[in-house]
*Asks:* 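For reference, the structure I am asking about is given below.
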Amino acid sequence: MIEEEISKLIYKSVSRAQTAGEFTIFEIPKIKIDTSQISGHGDYSSNIAMQLKSLVNKNPIEIAETIITNITTTTIIDEIVLAKPGFINFYLNKSWLSQQIKTINSSSSYGNNNTGNNNKMLIEYVSANPTGPVHIGNGRGASIGSSLAKVLRKCNFMIEEEFYINDTGNQISLFGQTLYARYSQLNGKEIKIPENGYRGAYMIDLAKLIKHKYKDSSIFIEENNNQNQELTALGLSIMIDDMKNELKGIGVEFTNWFYESDLHKRKTIAAIIKKLSTNNFIEKKENALWFQSSKLGDSKDNVLLRTDGTPTYFSADIAYHYNKLFERKFDKIINIWGADHQGHVSRLKKAIEAIGIDQNRIEILLYQLITLKRGEKIVPLSKRAGEIISLKEIFTETGKDAMRFFFLSQSANQAMEFDLELAKKQTKDNPVYYVQYAHARICAVLKKATEEKITSSHENLSTIQEESELALIKKLIYFPQLITKVAEELAPHHLPHYSIELAHAFHHFYTNCKVIDIKNKKLSEARLALLEACKIVLASTLDLIGVEAPEKM
RNA sequence: GCGCUCGUAGCUCAGUGGAUAGAGCAGCGGACUUCUAAUCCGCAGGUCGUAGGUUCGAAUCCUACCGAGCGCACCA
């Protein structure tokens, strides 16, 4: 990447100045290169002269002058300019820039890098309880996880995407009881749904669906019972299939679906308790088994096995992470959790540490919650409450693309509000169409070129000279840096922002430059090559966001 | 009470140590006999929650306070 190149140029220059005695000897700090938005500040700039002030004991202007005179010439840089307090501004060489079109077009995987070095990485996300349909909050997690997975694949991580299914425990029991009651009601037996049961109408639909599958409609009803194992299992598998379909509807597909019950079958919980015990982190207190996380600086201890001997969600989760990091040997794992799980982060990491696994292999990305509103009224997202609005209901209104783009466009740290009343209006204004339109426009020109029998060529790229053309190329060559940034910061919200900037650079170019001009064939061929490069990067960015790149609109 | 996140233009948000704080939407004014006007160009709009501190330099780092969301279970 260009930043690295420029950084190296400066580094060499400083060390050359040191050898020549112009600078005193010191360890050269990391040289950060900034991209500038303002045209007068160069394409790239460095503040190194200001940073070296205390080390060199000269004023920044002098330091910058020395650095500039010691920089070796290169084909990338056209001009280096010293600016007021001590900035060094770099201007890219035009013919080098135009040649980048060829670089983009001749690579099958532009923007890829090898920071992942083929390491095995697991991204776990959504992992919603299978006791109801996926809701809008899950949609945000799904969008973030899916995009991040795509970006990290471009960084050469061996990525698996996993959905963890909590298919045991209290909530499942309540789900089973609710389903049993609804099913019984359909068969003329009045059983009330449990106190904390699932009140949503979807449970009635589920019972109906199951009833219609069987000729003997009372097959699951037993005397003196409040649930039936087979019925619960059947209900769960239908719910899980629904979740799969709904997520697929917004373009999210997992490589693995991991069942919590597998951990119990494999006795992984017993294994981690044994490890914790060996390492002296277990205490029996008030008839329950505790993990002493306070020994590792956590605020309080946590229960692993309840008084009745059943494992808590927490102990299952330790086992799950033990399975990921130790049994399945992922080098690194990323969990994408809603901010309501924030309190869980510290104790999980402590537990992993207590087992003897490096907790830095776990990265937990929290996203702030979504408030669903209808006008001024807040709509609850709880599956147990009566009113449930599924993700599917919303994206059939807004469209998959508008939804994915919207979810990704804000930083994960930012809380979101989603107003159902404004949803349609908002989607019309959704910038996703602005970006997609750019892609469709490119396709239209390329199609016209085929009709006019003009093909792109890299022979005369030097005819690319216009301000709007060069600005477009500058946006294009930022793409590899974008990939690195998103991967490093685990911040996929940069993708939509970049896509808007790129689309803008294209639209600006489009209004200023006529691509197909039979009188000027050389220029047309070069501009077609530019369009092809732009199409590659734009389509790639849209793919990473998880939206379509339409041929026409 | 303690912990995490947030507070930036009328609205929705980028920007997390640098130069004149940027986009989109909304507002105002322009641009289609020319490859898609779902577009482009221009104008207007901000004591970056408040008060201190660190620094040559702070929206960005530190402290306190104010306001919002979330969390502090033998629920998941």
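In what follows, chains carry the letters A, B, and so on, assigned in the order in which the sequence lines appear, proteins first and then strands, with residues in each chain numbered from 1.
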*Asks:* OP1 or OP2 of B:A14 versus the side-chain N and O atoms of A:Gln414: is any pair under 4.0 Å?
*Replies:*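 Checking B:A14 against A:Gln414, a side-chain N or O does come within under 4.0 Å of OP1 or OP2.
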*Asks:* On RNA chain B, check which nucleotide each of A:Glu489 and A:Lys84 is closest to and give me the residue with the more 5' one.
*Replies:*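 Looking at RNA chain B, the more 5' nearest nucleotide goes with A:Glu489.
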*Asks:* Side chain of A:Ala288 only, heavy atoms from C-beta on: which candidate in B:G24, B:C74, B:A14 is closest?
*Replies:*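 Looking only at side-chain atoms, A:Ala288 lies closest to B:C74.
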*Asks:* Taking syn as any angle within 90 degrees of 0 and anti as the rest, which one fits B:C32?
*Replies:*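 Syn for B:C32; the angle stays within 90° of 0.
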*Asks:* Considering only atom C1', compute the distance from B:A76 to B:A14 and round it to an integer number of Å.
*Replies:*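 These two C1' atoms come out 35 Å apart once rounded.
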*Asks:* Please lay out, stage by stage, how A:His507 and A:Tyr437 fare under the test ring-ring contact (aromatic ring centres under 6.0 Å, His included).
*Replies:* CA-CA 9 Å; A:His507 286 309; A:Tyr437 183 58; 5.6 Å; yes
*Asks:* Starting at CD of A:Gln51 and ending at P of B:G17, how long is that distance when rounded to a whole Å?
*Replies:*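 Whole-Å distance recorded here is 11 Å.
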*Asks:* What's the closest nucleotide to the side chain of A:Asn166 if the choices are B:A19, B:A38, B:A76?
*Replies:*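 Nucleotide nearest to A:Asn166's side chain: B:A76.
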*Asks:* If I pick the C1' atom on B:G42 and the same atom on B:U50, what distance separates them, to the nearest angstrom?
*Replies:*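 37 Å, rounded to whole Å.
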*Asks:* State which residue, out of A:Ile101, A:Leu531, A:Leu502, A:Asn512, fulfils the side chain to side chain contact (heavy atoms under 4.5 Å, CB included) condition with A:Leu472.
*Replies:*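 Result for side chain to side chain contact (heavy atoms under 4.5 Å, CB included) with A:Leu472: A:Leu502.
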*Asks:* From B:C70, B:U5, B:A76, pick the nucleotide closest to the side chain of A:Asn170?
*Replies:*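 The answer is B:A76.
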*Asks:* Return the nearest nucleotide to the side chain of A:His507; candidates are B:G69, B:U39, B:A76.
*Replies:*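 Of B:G69, B:U39, B:A76, B:U39 is nearest to the side chain of A:His507.
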*Asks:* Taking the P atom in each of B:A9 and B:G15, what is the distance between them to the nearest angstrom?
*Replies:*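 These two P atoms come out 15 Å apart once rounded.
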*Asks:* Without decimals, in angstroms, what is the distance between A:His341 NE2 and B:A73 P?
*Replies:*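 So the NE2-P distance, A:His341 to B:A73, works out to 15 Å.
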*Asks:* Give a yes/no answer on whether the side chain of A:His508 brings an N or O atom under 4.0 Å of OP1 or OP2 in B:C41.
*Replies:*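 A:His508 to B:C41 OP1/OP2: side-chain N or O found under 4.0 Å.
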*Asks:* Expressed in angstrom and rounded to an integer, what is the separation of A:Ile500 atom CD1 from B:C25 atom C1'?
*Replies:*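 Rounded to whole Å, this separation is 11 Å.
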*Asks:* Contact class for A:Gln436 (heavy atom, under 4.0 Å): base, sugar-phosphate, or nothing?
*Replies:*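 No contact at all - A:Gln436 keeps every heavy atom at 4.0 Å or more from the nucleic acid.
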*Asks:* Are A:Lys285 and A:Asp301 packed together at the side-chain level, in the sense that at least one heavy-atom pair is separated by less than 4.5 angstrom?
*Replies:*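 Yes, at least one pair of side-chain atoms sits under 4.5 Å.
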*Asks:* Within the structure shown, what part of the strands sits under 4.0 Å from A:His41 by heavy-atom distance: base, sugar-phosphate, or nothing?
*Replies:*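 A:His41: base contact, heavy atoms under 4.0 Å.
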*Asks:* Is the gap between the ring centers of A:Tyr164 and A:Tyr259 under 6.0 Å?
*Replies:*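 No, too far apart.
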*Asks:* Closest approach to the side chain of A:Asp340, judged atom by atom: which nucleotide of B:C74, B:A14, B:G71 is it?
*Replies:*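 The answer is B:G71, which lies nearest to the side chain.
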*Asks:* Look up atom NZ in A:Lys552 and atom SG in A:Cys443, then write down how far apart they are to the nearest 0.5 Å.
*Replies:*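 That separation rounds to 11.0 Å.
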*Asks:* Under a 3.5 Å cut-off on both pairing distances, which runs of 3 or more consecutive Watson-Crick or G-U pairs involve RNA chain B?
*Replies:*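 So the stems come out as B:1-7 with B:66-72, B:10-13 with B:22-25, B:27-31 with B:39-43, B:49-53 with B:61-65.
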*Asks:* Take atom CZ of A:Arg140 and atom P of B:G69, then tell me their distance rounded to the nearest Å.
*Replies:*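 Result: 17 Å.
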*Asks:* Distance check, P atoms only: B:C11 and B:U47, in whole angstrom units.
*Replies:*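 It works out to 13 Å between them.
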*Asks:* Looking at B:A76, I'd like to know if its phosphate oxygens (OP1 or OP2) sit under 4.0 Å from a side-chain N or O belonging to A:Gln171.
*Replies:*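 So the side chain of A:Gln171 is outside the cut-off, no N or O lying under 4.0 Å from OP1 or OP2 of B:A76.
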*Asks:* Please report the distance separating the C1' of B:G1 from the corresponding atom of B:G46, rounded so that it comes out in whole Å.
*Replies:*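 Taking atom C1' in both B:G1 and B:G46, they lie 36 Å apart.
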*Asks:* May I ask you to check whether A:Tyr91 and A:Tyr44 place their ring centers less than 6.0 Å from one another?
*Replies:*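 Distance test on ring centres: not under 6.0 Å, no.
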*Asks:* Determine the contact category for A:Gln410: base if any of its heavy atoms lies under 4.0 Å from a base atom, sugar-phosphate if only primed atoms, P, OP1 or OP2 are that close, otherwise nothing.
*Replies:*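 Answer is sugar-phosphate: A:Gln410 comes under 4.0 Å of backbone atoms only.
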*Asks:* When every nucleotide of nucleotides 28-37 of chain B is labelled 5' to 3' by its protein contacts under 4.0 Å (heavy atoms), B for base, S for sugar-phosphate only, - for none, what sequence of letters results?
*Replies:* ------SBBS
*Asks:* According to a strict under-4.0 Å criterion, is A:Asn129 in side-chain N/O contact with OP1 or OP2 of B:A76?
*Replies:*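 A:Asn129 to B:A76 OP1/OP2: no side-chain N or O under 4.0 Å.
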*Asks:* Taking only the side-chain heavy atoms of A:Asn47 (C-beta and beyond), determine which of B:A19, B:G18, B:C74 contains the nearest atom.
*Replies:*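 Nearest to the side-chain atoms of A:Asn47, counting from C-beta on, is B:G18.
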*Asks:* From CD of A:Glu501 over to P of B:C40, roughly how many Å is that when rounded to an integer?
*Replies:*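 The answer, rounded to whole Å, is 14 Å.
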*Asks:* Parallel, tilted or perpendicular: which describes the rings of A:Phe163 and A:Trp257, with under 30° parallel and over 60° perpendicular?
*Replies:*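 Ring orientation of A:Phe163 relative to A:Trp257: parallel.
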*Asks:* Looking only at atom C1', what distance separates B:A31 and B:A37, rounded to whole Å?
*Replies:*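 My reading of the C1' atoms in B:A31 and B:A37 gives 10 Å.
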*Asks:* Under the criterion of centre distance below 5.5 Å and interplanar angle below 30°, is A:Phe87 classified as stacked on the base of B:A19?
*Replies:*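 One would call A:Phe87 stacked on the B:A19 base.
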*Asks:* Which is more 5' along RNA chain B, the nucleotide nearest A:Tyr313 or the one nearest A:Tyr434? Just name the residue.
*Replies:*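 The residue closer to the strand's 5' end, by nearest nucleotide, is A:Tyr434.
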*Asks:* When only distance counts, do a donor and an acceptor, one from the side chain of A:Thr307 and one from the base of B:C74, lie under 3.5 Å apart?
*Replies:*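 Check passes, donor-acceptor contact within cut-off.
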*Asks:* Quick one: pull up CD1 in A:Ile28 and CZ in A:Phe23 and give me the separation to the nearest 0.5 Å.
*Replies:*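 Spacing of CD1 (A:Ile28) from CZ (A:Phe23) equals 9.5 Å.
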*Asks:* Out of B:G71, B:C6, B:G24, which has the shortest distance to the side chain of A:Pro431?
*Replies:*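 The nucleotide sitting nearest to the side chain is B:G24.
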*Asks:* Would you say the base of B:A19 and the side-chain of A:Asn89 have a donor-acceptor pair closer than 3.5 Å?
*Replies:*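 Yes, the side chain and the base share a sub-3.5 Å donor-acceptor pair.
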*Asks:* Would you indicate whether the side-chain heavy atoms of A:Leu476 and A:Leu530 approach each other to under 4.5 Å?
*Replies:*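 Yes - at least one pair of side-chain heavy atoms lies under 4.5 Å apart.
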*Asks:* Regarding A:Arg347 and the six-membered ring of A:Phe291, is the cationic atom NZ or CZ under 6.0 Å from the ring centre and inside 45° of its axis?
*Replies:*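 So A:Arg347 doesn't make the cation-pi contact.
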*Asks:* Nearest whole Å is fine: how far is B:C13 C1' from A:Leu408 CG?
*Replies:*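 Atom-to-atom, A:Leu408 to B:C13, this comes out as 14 Å.
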*Asks:* A:Asn335 and side-chain hydrogen bond (donor to acceptor under 3.5 Å, both in side chains): which single residue from A:Glu363, A:His341, A:Glu162, A:Lys324 fits?
*Replies:*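 Testing each of A:Glu363, A:His341, A:Glu162, A:Lys324 against A:Asn335, the sole residue satisfying side-chain hydrogen bond (donor to acceptor under 3.5 Å, both in side chains) is A:Lys324.
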*Asks:* What's the gap between B:C62 and B:A21 when it is taken at their C1' atoms, as a whole Å value?
*Replies:*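 22 Å, rounded to whole Å.
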*Asks:* Quick one: label A:Arg347 by what it contacts on the DNA or RNA (base, sugar-phosphate, nothing), any heavy atom closer than 4.0 Å.
*Replies:*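 Base, at least one base heavy atom under 4.0 Å.
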*Asks:* Cation-pi between A:Arg441 and A:Tyr510: NZ/CZ under 6.0 Å from ring centre and within 45° of the ring axis?
*Replies:*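 Yes, A:Arg441 lies over the aromatic ring of A:Tyr510.
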*Asks:* When the C1' atoms of B:C25 and B:A44 are compared, how many Å lie between them, rounded to an integer?
*Replies:*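 B:A44 and B:C25 have their C1' atoms separated by 15 Å.
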*Asks:* If I take atom CZ in residue A:Phe418 and atom P in nucleotide B:G69, what distance separates them, rounded to the nearest angstrom?
*Replies:*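 The distance from CZ of A:Phe418 to P of B:G69 comes to 21 Å, rounded to the nearest Å.
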*Asks:* Figure out the CG/C1' separation between A:Asp419 and B:C13, and round it to whole Å.
*Replies:*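 Those two atoms, CG and C1', are 17 Å apart.
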*Asks:* Reckon A:Ala83 touches a base, only the sugar-phosphate, or nothing at all at heavy-atom distances under 4.0 Å?
*Replies:*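 Base, at least one base atom sits under 4.0 Å.
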*Asks:* Look at all strands and tell whether A:Ser45 reaches a base, only sugar-phosphate, or nothing, counting heavy atoms closer than 4.0 Å.
*Replies:*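 Answer is base: heavy atoms of A:Ser45 come under 4.0 Å of a base.
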*Asks:* Looking at A:Glu353 and A:Lys349, does any basic side-chain N land under 4.0 Å from a carboxylate oxygen?
*Replies:*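 Between A:Lys349 and A:Glu353 there is no salt bridge, as every charged N stays at least 4.0 Å from the carboxylate O atoms.
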*Asks:* Any idea which of B:C74, B:U39, B:A14 is nearest the A:His497 side chain?
*Replies:*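 Side chain of A:His497 sits closest to B:A14.
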